[in-house]
2 protein chains.
Amino acid sequence: MAESKYLVVVQFLRELIQKEEVKVGEYLPSENDLCSRFSVTRTTVRRAMDQLMKEGFIEKQHGRGSRVRERRKSLGLLTVKGFSEAVGSNVQTEILQKPVLIQSKPPFTFLKGDTIESEFCIYFERLRKVNDIPVMIEKNWVPGVSLSGLIDSEFVDGSFFKTLSRDFQIEIIGSEHILRAESANSKIAALLNLQNGSPVLHISVKFSTSNPDIHIFSELYCNTTQFPVGNSYYMNQ
Amino acid sequence: MAESKYLVVVQFLRELIQKEEVKVGEYLPSENDLCSRFSVTRTTVRRAMDQLMKEGFIEKQHGRGSRVRERRKSLGLLTVKGFSEAVGSNVQTEILQKPVLIQSKPPFTFLKGDTIESEFCIYFERLRKVNDIPVMIEKNWVPGVSLSGLIDSEFVDGSFFKTLSRDFQIEIIGSEHILRAESANSKIAALLNLQNGSPVLHISVKFSTSNPDIHIFSELYCNTTQFPVGNSYYMNQ
DNA sequence: TAGTGGTCTAGACCACGGT
DNA sequence: CCGTGGTCTAGACCACTAG
């Protein structure tokens, strides 16, 4: 089959949301509306809605409608608790290295014969602060050149994932992490304003995306004393 | 409505799996079989199957059937990488405190007006080792007395979650975590065979279960030098 | 009361896996 | 070929929300 009908509806709604034609908190077209718009049955429309719910885009309200949700925070472990609450007002991002093409691979893989073919990576590095207190160093590798449009670019609202979603229609669908408590070396300690040897949380992340050929690798170093890392995981919805 | 029909089917299949009447790798009754068995349509049966897939119990194979899957590891962050690979052979669990009823509450909650009414908790404490090297201290609180059958009991295969599932039909459906890198205090350091002040990973966990009134709280202290904590999160299935 | 989402029926046709 | 799961139609009735 070409493409499932329900996926057409998913695509339509995803774009509505990404392009903010329906903003956070606003209601999507009703299920019956979508039925007639796409000449499909409610079963099919509901399937599309379920998909979007799983992806965290929407929430349903019995008797009222389906509303665009605040985009899922802390997919995997990328939300430093406090970042989300501060919602930008007290958050600063310092670019330590703008996206560049480098001839090397990510410094780690995740077991299972994870081999990376491309000799090239897009690389960038950022320092995240809250109230001007540095809380996280973030190093990112994107193997291959498929996203070379990122090079030297600025991100939408300073968000890498938002940029991926809006400009490249790439969604993060999952991630794997390895976490360690470590003593900060001198470089890390300096950037995070810590004493040498202070405990920092080191997280290695591999993100999977809606494009099976594109993965993203990150190394995070977090000062968790004032802003611990938060994560949540729910199986349904 | 009393209980949805699809939930009846979910319950039926869940018990089949939990009581190992269908073992890991074996096939469940076909969808059409279940239709006639419960006098429902395939839509309803498929909905039940989808639910079980989301919960990680089964995998579907087009043209063949639906098979019982190895139970999901590392829900949330509870799998110390290496524990799962070792699959019991090199893993030891030392009971520091058998389940007892104590008159106190968990030492933390998770923001949002999380209030715990009951003045009582079931509490237990364990030390996890790999190759006789201590890697994790685990303190657990279960508020209320609904699971008083746990008191002084031993766990199925040494697994708390397996015991909850098999003996109480309670499934873990989600969890929230707060993670910090900390310096080990003397008590923690002694138990983990570390020097005072070594970095340890401190994780506070709140588990949600299929019973909305039952939550489980845990405090974990991990030595991540040899056995980092692993986690993975995939949105679909 | 009208409109929304939640559950369900009774079919249909297709794609895939094994015989 | 048959049985399996994957997609879809065209309805029905119910429960919830709001004017």
Side-chain angles (χ1 to χ4, degrees), chain A residues 1-14 16-17 22-69 210 212 234-237, chain B residues 1-14 16-17 22-69 173 210 212 235-237:
Chain A
M1 192 186 295
E3 187 178 34
S4 303
K5 292 190 180 182
Y6 83 93
L7 284 178
V8 174
V9 182
V10 167
Q11 189 59 23
F12 170 79
L13 293 172
R14 238 208 295 258
L16 273 190
I17 298 170
V22 182
K23 298 197 174 62
V24 170
E26 293 177 351
Y27 287 87
L28 291 172
S30 78
E31 297 182 354
N32 283 317
D33 184 343
L34 292 167
C35 288
S36 47
R37 205 184 291 210
F38 287 94
S39 302
V40 295
T41 54
R42 246 186 90 209
T43 312
T44 305
V45 165
R46 283 182 63 76
R47 186 165 180 190
M49 306 286 261
D50 283 348
Q51 175 78 20
L52 289 168
M53 215 171 67
K54 267 203 294 190
E55 294 179 8
F57 281 95
I58 64 170
E59 62 187 338
K60 297 182 175 182
Q61 295 176 335
H62 194 172
R64 293 220 272 178
S66 295
R67 216 166 53 160
V68 177
R69 237 180 59 160
S210 46
Y234 284 92
M235 286 174 145
N236 302 328
Q237 167 205 352
Chain B
M1 193 187 292
E3 187 179 34
S4 303
K5 292 191 179 182
Y6 83 93
L7 284 177
V8 174
V9 182
V10 166
Q11 189 58 23
F12 171 77
L13 293 172
R14 238 208 296 257
L16 273 190
I17 297 169
V22 182
K23 298 196 174 64
V24 170
E26 293 178 352
Y27 288 87
L28 291 173
S30 78
E31 296 181 354
N32 283 316
D33 184 343
L34 292 166
C35 289
S36 49
R37 207 185 289 212
F38 288 93
S39 304
V40 295
T41 54
R42 247 185 91 209
T43 311
T44 305
V45 166
R46 283 181 62 75
R47 185 164 182 193
M49 305 288 258
D50 283 349
Q51 174 79 19
L52 289 169
M53 216 170 67
K54 269 202 293 189
E55 293 179 9
F57 281 95
I58 65 171
E59 63 188 337
K60 296 181 174 182
Q61 296 175 334
H62 195 173
R64 293 221 272 179
S66 296
R67 216 165 53 161
V68 176
R69 238 180 59 161
I173 60 170
S210 46
M235 285 177 146
N236 301 328
Q237 165 201 353

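Within every chain, numbering begins at 1; the chains are lettered A, B, ... in the order of the sequence lines, protein sequences first and strands thereafter.
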Holding to ring pair (Phe, Tyr, Trp, His ring centres under 6.0 Å), I want the full list of residues that pass it with A:F38, two or more places apart in sequence or in another chain.
A:F12
Non-hydrogen atoms of [X] and [Y] that approach each other most closely:
X	Y	value
A:D50	A:K60	OD1-NZ, 3.0 Å
B:A48	B:Y6	CB-O, 3.5 Å
A:P29	A:L34	O-CD1, 3.8 Å
B:I58	B:M53	O-CG, 3.5 Å

Indicate whether OP1 or OP2 belonging to C:dT9 is found under 4.0 Å from a side-chain N or O atom of B:T44.
yes
Examine D:dA10: is either OP1 or OP2 under 4.0 Å from a nitrogen or oxygen in the side chain of A:T43? Give yes or no.
no
Rounded distance in Å - [atom1] ([X]) to [atom2] ([N]):
X	N	atom1	atom2	result
B:K5	D:dC14	NZ	P	13 Å
B:L13	D:dG5	CG	P	11 Å
A:R47	D:dT9	CZ	P	11 Å
A:D50	C:dG6	CG	C1'	11 Å
B:F38	C:dC8	CZ	C1'	16 Å
A:L34	D:dT9	CG	P	13 Å

Rounded to the nearest 0.5 Å, how far does CZ of A:R37 lie from OG of A:S30?
9.0 Å
State the CZ-CG distance between A:R47 and A:L52, to the nearest 0.5 angstrom.
12.5 Å
Does the side chain of A:V68 come within less than 4.5 Å of A:K23's, by heavy atoms?
no
Side chain proximity check, B:V45 to B:M49, heavy atoms < 4.5 angstrom
yes
Write out a two-atom table: protein N or O, nucleotide N or O from nucleotides 2-5 of chain C, distance below 3.5 Å.
from, atom 1, to, atom 2, distance (Å)
C:dG3, N2, A:G63, O, 3.0
C:dT4, OP1, A:S30, OG, 3.4
C:dG5, OP2, A:E31, N, 2.8
C:dG5, N2, A:H62, NE2, 3.2
C:dG5, N3, A:H62, NE2, 3.3

With axes from five pairs an end, tell me the bend angle of the helix from C:dT1-D:dA18 to C:dG18-D:dC1, nearest 10°.
10°
